[in-house]
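Sequence lines set the chain letters: A, B, ... in the order given, protein chains first and strands last, and positions in each chain run from 1.
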Number of protein chains: 2
Amino acid sequence: MTPRTDADELTERPRIPLSRRRVLRAAVELADRDGLASLTMRRLAQEVGAEAMSLYHHVANKEAVFDGVVEVILEEIMAAVDEVQAPSPEEDWQAALRARILAAREVFLRHRWAPRVLETRTTTSPAVIAYYDHVVAILRAGGFSFDLAHRALHVLGSRALGFTQELFRPDGARTANAEAAAMMEQMADRFPNIVGMLADAVHDDPDGTLGFCDDQFEFEFALDLILEGLERRRAAGS
Amino acid sequence: MTPRTDADELTERPRIPLSRRRVLRAAVELADRDGLASLTMRRLAQEVGAEAMSLYHHVANKEAVFDGVVEVILEEIMAAVDEVQAPSPEEDWQAALRARILAAREVFLRHRWAPRVLETRTTTSPAVIAYYDHVVAILRAGGFSFDLAHRALHVLGSRALGFTQELFRPDGARTANAEAAAMMEQMADRFPNIVGMLADAVHDDPDGTLGFCDDQFEFEFALDLILEGLERRRAAGS
DNA sequence: ACCTGAACACCGTTCAAGT
DNA sequence: ACCTGAACACCGTTCAAGT
């Protein structure tokens with residue numbers, strides 16, 4: 001290459017030495033900006049101004065990058081949850097847990113690719129365990145036995161962290177209403193119940209500004225149903 | 001290559017012509033046997049005794065293979081669900097839906113990689129819509145408004161199909177009990193609540209033969225809690 | 001119509017060599 | 001100690017050529 005000149009020194013941003021921390025932060029930023037598929041070792045190296053091979057001095061391999069990225073997200077969630085204003089768990093465990101879960105959810109709304117990564121982790125990270133430890137603490141303060149708290153974690157699953165994998169996802173860009181209506185008419189005989197349901201939903205929302213499903217509303221509906229079911233079992237002393 | 005001989009004709013299995021159907025079935029078998037990571041175009045081609053490029057005459061690309069694989073699994077689920085012995089939905093919608101969901105779950109237990117594929121599909125396949133249409137039919141027969149049926153689908157999410165992504169998964173091979181105990185002692189100060197919970201669970205199951213979590217039990221506990229919550233809202237007429 | 005070989009533009013990762 | 005270039009063994013996919 002050509003020798004470095006003073007001009008280069010000025011235009012180049014100063015070389016911050018590589019570190020695990022810096023690599024992981026860059027990975028999150030890259031996924032935020034260009035999507036999870038863009039998170040390759042080569043692109044990540046480019047992002048931090050190094051060669052792909054340099055990354056291996058700070059992370060063992062690509063799996064370790066995914067593990068680390070989950071760590072970073074979990075820290076963001078922990079910080080968000082700590083700042084929540086809510087009744088103490090002793091006073092009202094449902095309100096306390098609900099508020100924290102909704103705060104965690106906001107983090108995932110900022111990193112929509114993150115659930116997909118979290119669900120591929122086979123070894124549960126200490127950061128995830130720490131989060132669930134916090135959830136169990138709230139349940140215990142609310143009067144749960146360890147046994148019921150354990151079952152509660154399974155019932156909540158990823159919802160405790162603030163996300164659920166939506167099975168009915170909009171096809172890429174949200175399907176236009178006109179297009180949706182045409183599709184519904186075409187499907188009416190094959191899927192009479194779904195079509196009836198969709199027709200009803202559109203009727204309830206004549207402007208159609210909200211689209212078919214209000215994610216936040218559905219998430220809270222499910223969360224409340226689950227928290228109520230758990231409270232009933234707790235009160236029954238199971 | 002060498003010219004074909006009569007011996008070749010006998011040892012070679014007769015060449016069944018390639019077809020979309022045959023490709024997709026082979027894809028499911030390959031994932032069952034060697035895991036989802038092994039499902040590459042090149043290995044799939046090998047599986048059906050052809051070159052990778054030949055596949056492209058029957059499927060558009062790899063995404064289409066995943067779409068097709070979901071189709072095959074959904075057909076298997078539909079067949080399993082159709083054979084279920086259960087009360088009619090008019091009589092007892094909870095029992096009717098519960099039995100069908102548990103039947104669907106058995107299909108996913110045979111294809112443990114399938115949830116991961118299903119959750120990456122961005123365009124909801126007709127097969128999935130058909131399944132959910134069936135679920136809505138049961139809810140309607142049980143007295144649900146379209147609006148509540150819609151919310152029920154969101155609450156159930158993938159559980160309606162018989163699976164949930166387990167966030168606490170055993171690390172590869174199920175962690176040995178001795179190892180688990182050692183880890184717990186080490187974690188006691190950092191995660192007091194989780195450790196307490198685990199200690200309690202082990203106490204309930206002194207032999208430890210079941211391991212920490214009984215997946216089937218947890219799945220049914222969550223399912224029942226959710227179905228009860230939905231029934232309460234239906235009875236309240238929301 | 002259906003299949004194929006060679007080639008292209010990517011991957012993650014190893015290794016030996018640089019400073 | 002930290003970084004790198006070349007190389008290896010893979011990917012999915014295009015294209016022109018075969019039958």
Side-chain angles (χ1 to χ4, degrees), chain A residues 1-4 8-9 12-27 30-31 33-70 113 116-117 120-123, chain B residues 1-5 8-9 12-28 30-31 33-70 113 116-117 120-123:
Chain A
M1 298 288 151
T2 52
R4 289 169 58 93
D8 285 334
E9 297 227 15
E12 262 176 27
R13 64 175 122 169
R15 270 231 185 188
I16 312 157
L18 229 47
S19 74
R20 179 179 140 81
R21 204 68 211 159
R22 216 157 75 73
V23 168
L24 298 180
R25 274 195 217 286
L30 180 57
R33 197 177 63 244
D34 296 343
L36 194 54
S38 301
L39 180 45
T40 69
M41 295 304 269
R42 282 167 157 93
R43 290 238 8 206
L44 180 52
Q46 200 176 306
E47 209 71 12
V48 294
E51 297 301 310
M53 310 317 130
S54 307
L55 300 177
Y56 287 83
H57 289 275
H58 302 98
V59 292
N61 51 32
K62 195 176 180 183
E63 282 300 289
V65 173
F66 285 135
D67 286 341
V69 150
V70 166
W113 48 269
R116 247 172 309 153
V117 177
T120 60
R121 298 305 79 201
T122 52
T123 61
Chain B
M1 300 289 149
T2 53
R4 288 168 58 96
T5 67
D8 284 336
E9 296 225 15
E12 262 175 29
R13 65 176 122 170
R15 269 232 186 189
I16 313 156
L18 228 49
S19 74
R20 177 179 141 80
R21 203 70 210 160
R22 217 157 74 73
V23 169
L24 298 180
R25 275 195 218 284
V28 170
L30 180 57
R33 198 176 63 244
D34 297 343
L36 192 55
S38 300
L39 180 45
T40 69
M41 296 303 270
R42 282 169 157 94
R43 292 239 6 207
L44 181 52
Q46 199 176 305
E47 210 71 12
V48 296
E51 298 300 313
M53 312 315 130
S54 306
L55 300 177
Y56 287 84
H57 289 276
H58 301 98
V59 292
N61 50 32
K62 196 176 180 185
E63 282 299 289
V65 172
F66 284 135
D67 286 340
V69 151
V70 167
W113 47 269
R116 248 171 309 153
V117 177
T120 59
R121 300 303 80 202
T122 52
T123 62

Show each protein N/O and nucleotides 11-13 of chain D N/O combination with a separation under 3.5 Å, one pair to a line.
from	atom 1	to	atom 2	distance (Å)
D:dG12	OP1	B:M41	N	3.2
D:dG12	OP1	B:K62	NZ	2.9
D:dG12	OP2	B:M41	N	3.0
D:dG12	N7	B:R42	NH1	2.4
D:dG12	O6	B:R42	NH2	3.2
D:dT13	OP2	B:Y56	OH	2.8
D:dT13	OP2	B:K62	N	2.9
D:dT13	O5'	B:Y56	OH	3.4

Rounded distance in Å - CZ (B:R20) to C1' (C:dC3) = 19 Å
So, the side chain of A:S54 versus the backbone of A:A50: is there a donor-acceptor pair under 3.5 Å, distance only?
-> no
Looking only at side-chain N and O atoms, does A:H58 come under 4.0 Å of OP1 or OP2 in D:dC2?
-> no
What is the distance, rounded to the nearest whole Å, between atom CG of A:L18 and atom P of D:dC2?
-> 10 Å
Could you let me know what C:dT14 is paired to, Watson-Crick or G-U wobble, both distances under 3.5 Å, or none if it's on its own?
-> D:dA6
Is any side-chain N or O of B:S54 closer than 4.0 Å to OP1 or OP2 of C:dC2?
-> no
Residues A:F66, A:V59; criterion side chain to side chain contact (heavy atoms under 4.5 Å, CB included); working and verdict = CA-CA 10 Å; A:F66 285 135; A:V59 292; over 6 Å; no
Got a salt bridge between B:E63 and B:R121, using NZ or NE/NH1/NH2 to carboxylate O under 4.0 Å?
-> yes
Does any donor-acceptor pair link the side chain of A:H57 with the base of D:dC2 at a separation under 3.5 Å?
-> no
Starting at CD of B:E51 and ending at C1' of D:dG18, how long is that distance when rounded to a whole Å?
-> 13 Å
Side chain of A:R116, backbone of B:T120: donor and acceptor closer than 3.5 Å?
-> no
Check the pair B:H57 / B:L18 against side chain to side chain contact (heavy atoms under 4.5 Å, CB included), numbers first and verdict last.
-> CA-CA 9 Å; B:H57 289 276; B:L18 228 49; over 6 Å; no
Any Lys/Arg nitrogen of B:E47 or B:R25 sitting under 4.0 Å from an Asp/Glu carboxylate oxygen of the other?
-> no
